[in-house]
Amino acid sequence: MTITVRELVYYPVKGCAGTAAGSAQVIGTGLEHDRTFMVVDAADGAFRSQRTHPAMAAIRVGILRSGAVLTLCAEGVEPLRLDVDRDGPRRDVSMFDRPLGPAVDQGDTAAEWFSDVLGAKSRLVRAAPGFDRDGWGDTPGKVNFADAHAVLVTSTASLDDLNARIAARGDADAVPMDRFRPNIVLTGKDEPHFEDRVHRMTLGSVELAHSVRAMRCSVPLVDQSTGRRRGPEPVRTLATYRREAEYGNRVSFGVKNAVVCEGVVSVGDPVTVHSLVSP
């Protein structure tokens with residue numbers, strides 16, 4: 001059975017809604033435009049996420065003119081069209097209490113817009129020219145403002161298995177794939193979580209290498225269409241069969257990958273698995 005690419009999604013602003021693509025350029029830090037921007041606390045530059053601001057999920061972001069213009073839409077506020085500043089005033093930012101260095105502040109208009117939507121004083125920043133951040137794991141790779149890795153891969157088989165387990169409990173609806181915010185969704189293989197075992201694979205002209213399984217926090221509890229928490233699923237059911245002892249007994253779903261060969265990938269592309277992760 002041939003494994004193929006089912007979905008491609010990039011997230012221009014970390015924590016905000018994703019944009020589906022039929023084809024994507026993949027660079028060293030992941031899908032082009034993925035997590036290039038980040039919302040931070042206006043006071044200390046700490047990143048904001050759906051963990052504390054679930055409303056971010058419903059902020060829709062558009063990329064125009066090859067990234068020169070950003071459009072922002074959210075319920076209850078006027079849309080914003082923003083000319084991107086690629087090399088302007090800098091602001092020190094951090095993620096998980098770790099300094100990331102200076103990022104390019106996108107100005108007061110964007111700051112006021114996000115502050116209004118989130119109900120907390122915020123700034124919008126962009127990765128500065130020359131931004132260089134390492135990932136970690138089997139193949140560390142490079143990363144922009146994603147948590148720690150370039151590309152998150154899931155599969156339809158893994159989601160189908162999870163939803164079958166949720167259904168067996170009889171007290172919750174199935175969850176959609178967007179709860180896990182993947183970049184690439186694979187289909188065509190019936191084995192749940194086969195993506196965990198892939199060490200190297202080629203999709204289109206892109207080659208990815210295994211970094212680490214994706215540990216899950218509270219974000220999968222957020223309805224990505226409304227920006228509201230709906231818990232306890234899918235984390236409750238994942239906890240019955242996907243706990244990872246080596247990561248503090250957290251639950252996992254999907255796998256994080258590094259980009260080892262840049263190129264283009266499209267929905268429908270076949271996937272060639274070159275090697276598997278050592279047991």
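As the structure is a computational prediction, the values presented were derived from the model and not from experiment.
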Open item on the list: Would you say Asn257 and Ser211 are linked by a side-chain donor-acceptor pair, where the criterion is simply a distance under 3.5 Å?
Closed with: no

Task: Backbone N/O of Ser266 and side chain of Ser23: donor-acceptor pair under 3.5 Å - done: no

Task: Neighbour count above 12 (heavy atom, 6.0 Å) for Arg236 CZ - done: yes

Task: Hphob cluster co-occupancy, Leu8 + Val153, side-chain heavy atoms under 4.5 angstrom - done: yes

TODO: Please confirm whether the backbone N or O of Arg213 pairs with a side-chain atom of Asp196, one donor and one acceptor, at under 3.5 Å?
DONE: no

- [ ] Decide yes or no on side-chain hydrogen bond (donor to acceptor under 3.5 Å, both in side chains) for His210 and Thr139, but give the supporting numbers first.
- [x] CA-CA 6 Å; His210 179 275; Thr139 311; over 6 Å; no

Task: Arg181 side chain to Gln224 side chain, donor-acceptor N/O pair below 3.5 angstrom - done: yes

TODO: Working to the nearest 0.5 Å, report the span between CD of Glu191 and CD1 of Ile3.
DONE: 9.0 Å

Task: Side chain to side chain, Asp34 and Thr29, heavy atoms closer than 4.5 Å - done: no

TODO: Answer yes or no: is there a donor N or O on one side and an acceptor on the other, between the side chain of Asn183 and the main chain of Leu152, under 3.5 Å?
DONE: yes

Open item on the list: Checking the side chain of Arg60 only, and the main-chain atoms of Cys16 only, is there a donor and an acceptor separated by less than 3.5 Å?
Closed with: no

Open item on the list: Please check this pair: side chain of Arg242 against backbone of Ser252, looking for a donor-acceptor N/O pair closer than 3.5 Å.
Closed with: yes

Task: Heavy-atom side-chain contact between Arg230 and Asp173 under 4.5 Å - done: yes

- [ ] Please assess Phe145 against Leu100 for the test side chain to side chain contact (heavy atoms under 4.5 Å, CB included), listing each intermediate value before the final yes or no.
- [x] CA-CA 9 Å; Phe145 289 144; Leu100 298 182; 4.1 Å; yes

- [ ] Looking only at non-hydrogen atoms, find the nearest pair between His53 and Leu118 and report the distance.
- [x] CD2-O, 3.9 Å

TODO: Taking the side chain as every heavy atom from C-beta outward, state whether Thr19 and Ile63 have any pair of such atoms under 4.5 Å apart.
DONE: no

Task: Derivation of the side chain to side chain contact (heavy atoms under 4.5 Å, CB included) call for Leu203 and Ile184 - done: CA-CA 10 Å; Leu203 318 84; Ile184 299 176; 4.0 Å; yes

TODO: Indicate, with yes or no, if Val143 and Phe131 share a hydrophobic cluster defined by side-chain heavy-atom contacts under 4.5 Å among Ile, Leu, Val, Met, Phe, Trp and Tyr.
DONE: no

Task: Residue pair Arg51, Val219: steps toward the side chain to side chain contact (heavy atoms under 4.5 Å, CB included) verdict - done: CA-CA 6 Å; Arg51 297 167 181 85; Val219 171; 3.9 Å; yes

TODO: Given side-chain hydrogen bond (donor to acceptor under 3.5 Å, both in side chains), test Thr237 with Thr240 step by step and report yes or no.
DONE: CA-CA 5 Å; Thr237 295; Thr240 66; 5.6 Å; no

Open item on the list: One pair to check against side-chain hydrogen bond (donor to acceptor under 3.5 Å, both in side chains): Gln25 and Glu262. What are the steps and the verdict?
Closed with: CA-CA 8 Å; Gln25 184 77 35; Glu262 300 180 357; 5.8 Å; no

Open item on the list: For Arg228, is the CZ atom crowded, meaning more than 12 foreign heavy atoms sit under 6.0 Å from it?
Closed with: no

TODO: Quick one: closest heavy-atom pair of Tyr11 and Gly18, and the distance?
DONE: CD2-CA, 3.3 Å

Open item on the list: Can you tell me how far apart CE (Met95) and NZ (Lys14) are? Round to the nearest 0.5 Å.
Closed with: 4.5 Å

Open item on the list: The test is side chain to side chain contact (heavy atoms under 4.5 Å, CB included); show your working for Asn163 and Val175 and say whether it passes.
Closed with: CA-CA 7 Å; Asn163 279 325; Val175 298; 3.5 Å; yes

Open item on the list: Check for me, please, whether Met38 and Val61 land in the same ILVMFWY cluster - side-chain distances under 4.5 Å, paths through other members count.
Closed with: no

TODO: Might you point out which heavy atoms bring Gly254 and Thr154 nearest each other, and give the distance in Å?
DONE: CA-CG2, 3.9 Å

- [ ] Report the distance from atom CZ of Arg200 to atom NE2 of His274, rounding to the nearest 0.5 Å.
- [x] 9.0 Å

Task: Residue pairs passing the ring-ring contact (aromatic ring centres under 6.0 Å, His included) test where at least one lies in residues 21-51, sequence neighbours excluded - done: Phe47-Phe96

Task: Common cluster, Leu208/Val265, ILVMFWY with side-chain heavy-atom separation under 4.5 Å - done: yes

- [ ] Indicate the atoms forming the closest heavy-atom contact of Glu244 with Met215, along with that distance.
- [x] CG-CE, 3.6 Å

- [ ] Decide whether Val198 and Val255 are clustered together by the hydrophobic rule: side chain heavy atoms of Ile, Leu, Val, Met, Phe, Trp, Tyr closer than 4.5 Å, transitively.
- [x] yes

- [ ] Without swapping roles, check the side chain of Gln106 against the backbone of Val104 for a donor-acceptor pair under 3.5 Å.
- [x] yes

Under 3.5 Å, which donor-acceptor pairs link side chains of residues 64-82 to any protein atom two or more places apart or in another chain?
{"from": "Thr71", "atom 1": "OG1", "to": "Gly62", "atom 2": "N", "distance (Å)": "3.2"}

Open item on the list: Other residues, nucleotides and ligands only: do more than 12 of their heavy atoms fall within 6.0 Å of CZ on Arg6?
Closed with: no

Open item on the list: Looking at every non-hydrogen atom in both residues, tell me the closest pair between Phe194 and Ser155 and how far apart they are.
Closed with: CE2-CB, 3.6 Å

Open item on the list: So that I can tick it off, tell me whether Asp83 and Arg86 are bridged by a salt bridge, with the cut-off set at under 4.0 angstrom between side-chain N and carboxylate O.
Closed with: no

TODO: Please examine the side chains of Leu221 and Val235, heavy atoms only from C-beta on, and report whether any two atoms are closer than 4.5 Å.
DONE: yes

Open item on the list: Are Val271 and Val5 packed together at the side-chain level, in the sense that at least one heavy-atom pair is separated by less than 4.5 angstrom?
Closed with: yes

Open item on the list: Working to the nearest 0.5 angstrom, can you tell me the gap between Thr202 OG1 and Asp269 CG?
Closed with: 11.0 Å

Open item on the list: Under the side chain to side chain donor-acceptor pair (under 3.5 Å) definition, can you give me all pairs with a residue in residues 112-133, not counting sequence neighbours?
Closed with: Arg48-Ser122, Asp105-Arg123, Asp108-Arg123, Asp132-Lys142

- [ ] State whether Asp147 and Arg35 are salt-bridged, where the test is any N-O pair (Lys NZ or Arg NE/NH1/NH2 against Asp/Glu carboxylate O) under 4.0 Å.
- [x] no

TODO: Taking the side chain as every heavy atom from C-beta outward, state whether Arg216 and Arg179 have any pair of such atoms under 4.5 Å apart.
DONE: no

TODO: Take Arg169 and Glu233 through the test salt bridge (Lys or Arg N to Asp or Glu O under 4.0 Å) and record every step on the way to the result.
DONE: CA-CA 11 Å; Arg169 300 179 72 103; Glu233 298 295 359; 3.7 Å; yes

Open item on the list: Do Tyr241 and Leu162 have side chains that approach each other closer than 4.5 Å (heavy atoms only, starting at C-beta)?
Closed with: yes

Task: Close side-chain approach of Arg91 and Val40, heavy atoms under 4.5 Å - done: yes

- [ ] Kindly give the heavy-atom pair with the smallest separation between Thr156 and Thr187, and that separation in Å.
- [x] OG1-OG1, 2.9 Å

